[in-house]
Amino acid sequence: MHDLSKGFASRASRRGVLKGGAALGLGALSLGKVGADRTLAQDSGTLEVFSWWTSPGEAPALQALFDAYSAKYPDVEIINAAVAGGAGVNAQAVLQTRLQGNQPPDSWQTHIGRELIDQYVVPGYCEPITDLYTGEGWADVMPEGLVEQATWESEQYSIPVGVHRGNGFWYNKQVMADNGIEVGDTMSVDEFFAAADTLKAAEIPALALAMKDTFPGAQTFENTLLGVVGPDTYIALFRGEAPWDDQGVRDAADAYAKMLDYVNEDFSALSWDQAFALIIEGKAGFNSMGDWAYGEVVAKNAQDNIGWVSHPGTNGSFVLVVDSFTLPVGAPNSENATNWLTILGSKEAQEAFNPLKGSIPARTDVNRDIFSPYHQWSMDSFANDALAPSCAHGQASSPAFKQAFYDASTAFVTDKDVDTYIAMLSDAAAMDAETTE
Ligand code: GAL
């Protein structure tokens with residue numbers, strides 16, 4: 001297994017930004033009168049939870065967490081402040097505005113790693129929850145690498161609820177059978193193109209793409225990149241330790257450009273779950289998507305007809321997308337929020353949530369038997385494969401590089417201009433290196 005902590009911690013500390021504690025003093029002062037009122041209002045009967053879980057598969061999974069909380073705290077009213085838009089493309093902007101205006105919810109969803117640390121902890125928006133980790137013994141039941149990515153300067157700042165595998169490649173078994181395509185346990189890039197040509201001849205888009213939320217453009221590239229250059233180079237690239245104008249990156253961009261010749265025409269109008277619905281409905285061949293897609297499979301009862309392999313070339317790697325929740329500085333109902341986090345870290349809540357969400361629990365002491373064959377497959381991959389954090393989901397790189405990665409990928413999906421893509425990524429990496437000097 002790779003050491004997940006290297007890279008982001010050392011780069012962030014090199015930047016010399018004050019840690020949460022110091023910035024926290026400023027935050028508390030600037031709360032002023034509102035802050036005082038908030039203290040009085042603490043632990044009222046509400047709990048506001050902020051996330052982007054609104055799709056047909058995500059919403060019931062979130063509800064399972066609410067139910068686990070309500071079972072213990074029936075008198076607290078939960079306010080679901082979810083903002084639609086896959087990967088938090090809209091939610092994260094709304095949240096920033098609220099945080100800058102000292103209007104935090106009681107808890108928000110974030111990915112561990114760079115997103116948690118750079119976007120929220122270092123600017124002073126999060127309270128440490130180290131006491132909860134100690135009291136609940138979480139570090140004993142979660143993989144060390146996950147706890148490390150929730151840690152900044154020896155304090156923990158969020159509790160992971162589920163571990164998504166970002167490099168899934170999903171297909172409709174009937175569509176494959178009808179077109180004489182046999183999908184094995186793995187798929188190479190060449191095997192994908194052979195299947196894609198068969199589907200094209202049958203006038204079926206081989207790759208369902210969704211650019212309304214923009215993240216699938218970045219995600220499909222990171223998966224393709226991983227498949228072409230392998231996990232070591234992939235990890236080095238996002239850590240700023242390998243050059244983006246490398247031939248391997250160029251080969252990946254070439255392969256991606258070719259894949260884009262097989263996408264659905266309406267990709268710019270579709271959200272990720274709408275594109276995945278094309279797979280469920282048998283209207284497209286494959287979809288490169290994290291396993292929140294399996295949440296859609298569960299919600300639509302489509303288990304029998306949906307198959308999966310790793311994104312072409314990425315067998316043996318697990319792209320990490322780990323969802324977690326925070327305790328904000330100035331949470332209006334901090335006791336309710338603390339209780340919420342305690343529930344999220346429990347075995348019961350993780351066993352209720354993850355079967356619906358498609359992720360595997362962050363806790364490793366769960367009952368494996370209650371999970372689907374997909375989940376068990378993913379658990380095995382997590383245990384045995386190379387772990388590669390996702391940039392499209394904020395874990396692998398700075399927020400600025402992630403944004404540049406999105407922008408470059410969004411342009412590439414339409415213009416397929418490899419030279420410009422490589423140049424944009426190289427420039428973004430150079431700027432990132434300068435700001436972290
Ligand atoms: C990811 C998140 C997942 C899933 C997905 C699509 O960033 O980690 O839980 O919700 O976005 O919205």
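Predicted model only: the values in this text are computed from it and were never measured. As the structure lists them, so they are numbered: ligands from 1, and atoms in each ligand from 1.
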task: Return the orientation label for the Y294 and Y374 ring planes: parallel under 30°, perpendicular over 60°, tilted otherwise.
output: parallel
- prompt: Which residue owns the protein heavy atom closest to atom 12 (O) of ligand 1, what's the atom, and how far is it?
  reply: E58 OE2, 2.7 Å
message: For K283, I'd like to know if atom NZ has over 12 heavy atoms of other residues, nucleotides or ligands within 6.0 Å.
response: no
Charged N-O contact under 4.0 Å between E296 and K357: no
query: Which of the atoms in ligand 1, numbered in the order shown and given with their element, are less than 4.0 Å from a heavy-atom of H111?
result: 1 (C), 2 (C), 7 (O), 8 (O)
- prompt: Which atoms of ligand 1 have any heavy atom of W272 under 4.0 Å away?
  reply: 6 (C), 12 (O)
- line: The side-chain hydrogen bond (donor to acceptor under 3.5 Å, both in side chains) partner of R165 among S390, S310, S378 is S310
message: Taking distance alone, with N or O pairs closer than 3.5 Å, would you say G86 contacts ligand 1?
response: no
task: Looking only at protein heavy atoms, identify the closest one to atom 1 (C) of ligand 1 and say how far it is in Å.
output: H393 ND1, 3.3 Å
message: If you take the centroid of each ring, where Trp contributes its six-membered ring, are W52 and H393 closer together than 6.0 Å?
response: no
message: At less than 4.0 angstrom from any non-hydrogen atom of V321, what atoms of ligand 1 do you find?
response: 8 (O)
task: Can you sort out which atoms of ligand 1 are near K357, meaning under 4.0 Å from one of its heavy atoms?
output: 3 (C), 4 (C), 9 (O), 10 (O)
- request: Inspect the surroundings of NZ in K72 and state if more than 12 heavy atoms from other residues, nucleotides or ligands are less than 6.0 Å away.
  value: no
